[in-house]
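Within every chain, numbering begins at 1; the chains are lettered A, B, ... in the order of the sequence lines, protein sequences first and strands thereafter. Computation of the quantities below employed the complete heavy-atom set of this structure, encompassing side-chain atoms and omitting hydrogens, waters and symmetry-equivalent molecules. Keep in mind that this is a model prediction, so the values were computed, not measured.
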Protein chains: 2
Amino acid sequence: MYRIGQLAKQYQINADTLRYYEKNGLLVPSSRSDSGYRFYSDDDAKQLRFILRAKSVGFSLIEIQELLNIDNNRAQWACKDVKGMVEAKADVIQTKINELIQFRDSLQGLAKACCGGPESAEHCSILDALEESA
Amino acid sequence: MYRIGQLAKQYQINADTLRYYEKNGLLVPSSRSDSGYRFYSDDDAKQLRFILRAKSVGFSLIEIQELLNIDNNRAQWACKDVKGMVEAKADVIQTKINELIQFRDSLQGLAKACCGGPESAEHCSILDALEESA
DNA sequence: ATAAACCTTAGGGTTGGGTCTAAGGTCAAC
DNA sequence: GTTGACCTTAGACCCAACCCTAAGGTTTAT
Ligand SMILES: [Zn+2]
Ligand SMILES: [Zn+2]
Ligand SMILES: [Zn+2]
Ligand SMILES: [Zn+2]
């Protein structure tokens, strides 16, 4: 049994974050002391590790909730469902990557055309390009 | 001279967005009618195009403000400064891309190990991996 | 017995880039 | 002379994922 501060310290997060996870149904401590202090069991800690690991691979808290639901009712779900979620998430991330690559390339294209010298920017091709009427 | 609704329509944005840009010093209409209506000149429209173009290559509104400052005082800045900003931004974006690539690869690693079949997820390797104690 | 460290709650604040509402003023057309 | 489209303002609300504060209760160590 861990109190909130102990668990938070162990996983390098803020106690407020644990309360936040509880409020959002991600991690409800399995018991409370007579005075109301939260008590987290080893299973609770395991679930926290699940949450942190899912977060680290890019899932949002809402998505993690879905994953937890599945994990806690594995019999009612198929591998297909789980794999589908993961692949869908990978696709979303890929789309984001493609967008950012476009941004990066646009910026690099701008930078390449600029002399980068110490003289006045009155002739700067970057600013000209941004001003340019499409 | 365009009223706010006309300019918004022309550039497919919300009139509120133009007021928001004004509040944040990005685009102050060059005049007002006697009754207080905003009037945007062709130069204002040009500046809006600058803003939208800079946004489209991934600059934040704060960064766009800096770019506008530079653009409006070109003589006081050097190409070096402008190019430096653009390159710094490209670096930040590259860092984000690298992060997302890691997420994507993690997810693809998980998906690859899962059979993806229609049977129960009780043996699902994805859920197991997320549960695994590190 | 008291101080320090920890816990509780409700509720407000942050960031970024807006969107929406309420309550009212203006302007052209029919 | 009134409808309807447009405009004004201040201020609230949205998203995510928390962080912080106030006012008070609990535990532990000395
Ligand atoms: Zn130059
Ligand atoms: Zn230049
Ligand atoms: Zn399977
Ligand atoms: Zn599986």
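Atoms CD1 (I64(A)) and C1' (dC18(D)) sit 13 Å apart, rounded to a whole Å. When rounded to the nearest whole Å, the span between CG of L48(A) and P of dC18(D) equals 11 Å. Note: CD (E22(B)) to P (dG18(C)) measures 15 Å, nearest angstrom. Going from atom CG of N14(A) over to atom C1' of dC18(D) covers 8 Å, rounded to whole Å. A straight line from CD1 of I13(B) to P of dT19(C) spans 9 Å, rounded to a whole angstrom.
Considering only heavy atoms from C-beta on, W77(B) stays 4.5 Å or farther from L127(A) through its side chain. Side chains of V57(A) and F59(A) form a contact here, defined as non-hydrogen atoms less than 4.5 Å apart. Counting heavy atoms from C-beta outward, L27(A) and Y40(A) have side chains that approach closer than 4.5 Å. Two residues are said to be in side-chain contact when any heavy atoms from C-beta on lie closer than 4.5 Å; Q10(A) and Q6(A) fail this criterion.
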Distances for protein N/O vs nucleotides 15-17 of chain D N/O pairs under 3.5 angstrom?
residue: dA17(D); atom: OP2; partner: L61(A); partner atom: N; Å: 3.4
residue: dA17(D); atom: N7; partner: Y20(A); partner atom: OH; Å: 3.4

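A salt bridge links E22(A) to R32(A): one of the charged nitrogens lies within less than 4.0 Å of a carboxylate oxygen. Comment: D16(A) engages R19(A) in a salt bridge, judged by a side-chain N to carboxylate O separation of less than 4.0 angstrom. Using a cutoff of 4.0 Å between basic side-chain nitrogens and carboxylate oxygens, D44(B) and R49(B) are not scored as salt-bridged. A salt bridge does not link K96(A) with D91(A): every distance from a Lys NZ or Arg NE/NH1/NH2 to an Asp or Glu carboxylate oxygen is 4.0 Å or more.
If you run side-chain contact (heavy atoms from CB on, under 4.5 Å) between Q47(B) and each of D42(B), D71(B), L68(B), only L68(B) comes through.
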Across nucleotides 2-15 of chain C, 5' to 3', mark each nucleotide with B, S or - according to how protein heavy atoms within less than 4.0 Å reach it. ----BSBB------
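Along DNA chain D, the nucleotide nearest T17(A) and the nucleotide nearest S33(A) are compared for position; the residue whose nucleotide lies closer to the 5' end is T17(A).
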Could you go through Q65(A) and N69(A), starting from their C-alpha distance and side-chain angles, then the distance that decides it, and tell me whether this counts as side chain to side chain donor-acceptor pair (under 3.5 Å)? CA-CA 6 Å; Q65(A) 233 178 354; N69(A) 267 338; over 6 Å; no
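Of all the heavy atoms in L100(B) and I93(A), the pair that sits closest is O-CG2, 3.5 Å.
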For DNA chain C, just give me the dot-bracket, please: Watson-Crick or G-U, both distances below 3.5 Å, ( ) intra-strand, [ ] crossing earlier pairs, | paired with another strand, . unpaired. ||||||||||||||||||||||||||||||
